[in-house]
Amino acid sequence: MSLLLIGAFSAQEYAHWRERLALSLPSETLYLPDEVYDPACIDIALVANPPAGSLAGLDNLVLIQSLWAGVDRLLSDPTLPENVPIVRLVDPNLTQAMTECALACVLALHRQFPAYARQQTGREWKQLPQPIARERRIGILGLGELGRAVAQALACLDFDVAGWSTGARQVEGLECWSGASGLASLLQRTDILINLLPLTPHTAGILNAQLFARLPRGAAIVNLARGGHLNEKDLLEALARGQLSHAILDVFSEEPLPCQHPFWSHPRISVLPHVAAVTDVSTAAKIAAENIKAFRAGSMPAPLVDRAKGY
Ligand code: NDP
Ligand code: OXD
């Protein structure tokens, strides 16, 4: 049986993945989508946010290894083969990258860099009041692989951190909440809100007017998860009314963000081109290869996606 690699990759990226996977899986045969292969011989697919329909017709598939942490697009594919286990990517390098990005966003907002950038355009020399980290309250939506690491790094810098997840969690150094009342408690004490939730039917559109209204006036948001979490119109309105002071956005419902989109030129929105935590081919290929070896040897790799929960 053989492997199939499918992603939104350039020819050069496909070649890089093939080279890295071959180093760790020398005895496996790996096909790329534009090569000639018998679909019946593919039993494991390695996928990176693949277009819908990519896995249709692979009747002997027994494992899907995602090379992305988020599997929302994969799960939304109506042709996704049923009952095939999906393993998500958990990679310390990805976690480190996300942590660095979240720290950069929080420190920029905490030290008011966006406000000083706006002042600079008017050559305005004005020192703004500056609290220290322990006086800045950070709220994190999602306390999974990424949210937990981000929360702990911020707590180490002495920020006042709290987090929210589906189940009740205990994470050292932070206050943890769950459920609807937990979300309300988190929001009312949050100056900077970071979104690291998976995109599911329960979390789609969660960054909306109702949520913004529960934050203290002048709070900032950082969306590092998915564009589908954000109601764009509600964000623009909340910024216009001063309910929110700034938004740093790494992800968008349409990517690349269209040239004419109002976010590009908004003085209170910072746009990043989905770079918070880009998959590192070298480390991710090794992790995927170890998972495949374990699977071939009879054990089920982790973490498995719970299709019913959507993450
Ligand atoms: P995990 O699955 O490890 O964690 C998800 C967290 O969200 C868990 O704490 C989970 O709760 C919580 N959660 C899920 N649904 C709800 C809900 N309805 N209400 C409250 N909490 C909820 O995911 P990761 O941390 O690995 O990744 C998070 C997301 O980050 C990915 O899905 C992806 O969209 C995004 N991402 C973005 C990248 C970028 O470059 N911008 C790069 C990589 C990922 P519980 O713990 O109770 O299950
Ligand atoms: C991911 C991403 O989910 O890059 O891995 O967004």
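Every heavy atom of this structure was used, including side-chain atoms; hydrogens, water molecules and symmetry mates were not. Order of appearance sets the numbers: ligands from 1, and atoms from 1 within every ligand.
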Practice problem: Return yes or no for this condition: an N or O of L199 is under 3.5 Å from an N or O of ligand 1. | Solution: no
Quiz item: Does any N or O atom in H202 lie less than 3.5 angstrom from one in ligand 1, N or O only?
Solution: no
Quiz item: Nearest to atom 28 (C) of ligand 1, what protein heavy atom do you find, and at what distance?
Solution: L196 O, 3.4 Å
Exercise. With sequence neighbours excluded, tell me which residues meet salt bridge (Lys or Arg N to Asp or Glu O under 4.0 Å) with D234.
Key: none
Self-check item: Under 3.5 Å: N/O of W164 near N/O of ligand 1
Solution: no
Practice problem: For ligand 1, indicate whether the residue M98 contacts it via side chain, backbone, both or neither (heavy-atom separation under 4.0 Å). | Solution: side chain
Quiz item: Other than L128, which residues form its hydrophobic cluster under the rule that side-chain heavy atoms must be closer than 4.5 Å?
Solution: Y116
Practice problem: Please say whether E145 places an N or O atom under 3.5 Å from an N or O atom belonging to ligand 1. | Solution: yes
Self-check item: Selection from R88, R169, R73 by shortest heavy-atom distance to atom 26 (O) of ligand 1
Solution: R88
Practice problem: Determine, considering heavy atoms only, which of A225, A276, P198 sits nearest to atom 35 (C) of ligand 1. | Solution: A225
Quiz item: Is any N or O atom of D72, backbone or side chain, closer than 3.5 Å to an N or O atom of ligand 1?
Solution: no
Exercise. Using salt bridge (Lys or Arg N to Asp or Glu O under 4.0 Å) as the criterion, list what pairs up with R217, not counting sequence neighbours.
Key: none
Quiz prompt | N or O pair under 3.5 Å between V278 and ligand 1 | solution = no
Quiz item: Just distances here: any N/O of G167 and N/O of ligand 1 closer than 3.5 Å?
Solution: yes
Quiz item: Under 30°, 30 to 60°, or over 60°: which ring-plane class applies to W17 and F9, parallel, tilted or perpendicular?
Solution: tilted
Quiz item: To the nearest 0.1 Å, how far is atom 8 (C) of ligand 1 from its closest protein heavy atom, and which atom is that?
Solution: G144 N, 3.7 Å
Quiz item: Among protein heavy atoms, which sits nearest to atom 40 (O) of ligand 1, and what does the distance come to when rounded to 0.1 Å?
Solution: A277 N, 3.0 Å
Practice problem: Please lay out, stage by stage, how E290 and K286 fare under the test salt bridge (Lys or Arg N to Asp or Glu O under 4.0 Å). | Solution: CA-CA 6 Å; E290 288 314 312; K286 263 194 209 148; over 6 Å; no
Measure from every N or O atom of ligand 2 to the protein's N or O atoms and keep only the pairs below 3.5 Å, writing each with atom names and distance to 0.1 Å.
residue  : atom  : partner : partner atom : Å
ligand 2 : 3 (O) : A69     : N            : 3.4
ligand 2 : 3 (O) : G70     : N            : 2.7
ligand 2 : 3 (O) : R226    : NH2          : 2.8
ligand 2 : 5 (O) : A69     : N            : 2.8
ligand 2 : 6 (O) : R226    : NH1          : 2.8
ligand 2 : 6 (O) : R226    : NH2          : 3.3
ligand 2 : 6 (O) : H274    : NE2          : 2.7

